[in-house]
Amino acid sequence: MTDSHDTHKKSQEETGESDAEPTPSPMEVLRQARAQLAELTGMTAESVSSFEQTEDGWSLEIEVLELVRVPDTMSLLASYQVELDRQGMLTGYRRVRRYERGRSDARGQGGR
């Protein structure tokens, strides 16, 4: 007679599951990235302009409000490249550009 633990363990082996933390959904990763970057920098994350899964986890480009000005079109925004591990924990970030809200992107589409 097998107990429920042995049955659960056998089921995990058959499906390839492990006791490790489950991988977060893309929306959870997005939310975590914005919240973690805002907490670290003290700046408001406005939007996510790129998002992709990598071999090591996730890579995002997040638009951040760096300096509020009047009128709002003169406020300074910045794009931050943010790297997260597979569980959605921030492993690094860097500012890749800074611009006024009212200016068009002269570098072409995609911001890269």
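- Contact annotation: the side chain of Q36 never approaches that of V82 to less than 4.5 Å [non-hydrogen atoms, C-beta and beyond].
- Looking at L76 and E100, their side chains come closer than 4.5 Å, going by heavy atoms from C-beta outward.
- Side-chain heavy atoms closer than 4.5 Å link hydrophobic residues (I, L, V, M, F, W, Y) into clusters, and following such links, possibly through other members, connects F51 to L84.
- Side-chain N or O atoms of T91 include one that pairs as donor or acceptor with a backbone N or O of E83 at under 3.5 Å.
- Using a 4.5 Å heavy-atom cutoff, the side chains of V64 and R95 are not in contact.
- Summarising the geometry of M89 relative to Q32, their closest heavy-atom pair is N-OE1, 4.3 Å, with the distance given to 0.1 Å.
- The two atoms that bring D72 and R101 nearest to each other are OD2-NE, 3.2 Å, heavy atoms only.
- Atom OG1 of residue T44 and atom CZ of residue R34 lie 9.5 Å apart, to the nearest 0.5 angstrom.
- How far CD of E66 is from CD of E46: 11.0 Å, rounded to the nearest 0.5 Å.
- By the 6.0 Å contact criterion, CD on E39 is open, its count of non-hydrogen atoms from other residues, nucleotides or ligands being 12 or less.
- Minimum heavy-atom separation, V96 to R94: CG1-NH1, 3.3 Å.
- For Q53 (side chain) and P26 (main-chain N/O), no donor-acceptor pair under 3.5 Å exists by modelled atom type.
- When atom types are taken as modelled, the side chain of R86 and the backbone of P24 share no donor-acceptor pair closer than 3.5 angstrom.
- Note that OG of S49 is 3.5 Å distant from CD of E63, once rounded to the nearest 0.5 Å.
- A distance of 9.5 Å separates OG1 of T73 from CZ of R103, quoted to the nearest 0.5 Å.
- Clustering ILVMFWY residues whenever any of their side-chain heavy atoms sit less than 4.5 angstrom apart, transitively, puts I62 in a cluster other than the one holding L77.
- Tracing side-chain contacts under 4.5 Å through hydrophobic residues (I, L, V, M, F, W, Y), one never reaches V70 starting from Y99; they form parts of separate clusters.
- Aromatic ring orientation, Y93 versus Y80: tilted (interplanar angle from 30° to 60°).
- Under the 4.5 Å side-chain criterion, counting only non-hydrogen atoms from C-beta, Q87 is not in contact with E28.
- Under the 4.5 Å side-chain heavy-atom criterion for grouping Ile, Leu, Val, Met, Phe, Trp and Tyr, L60 is connected to L40 within one hydrophobic cluster.
- Atom OG of residue S47 and atom CG of residue L30 lie 10.0 Å apart, to the nearest 0.5 angstrom.
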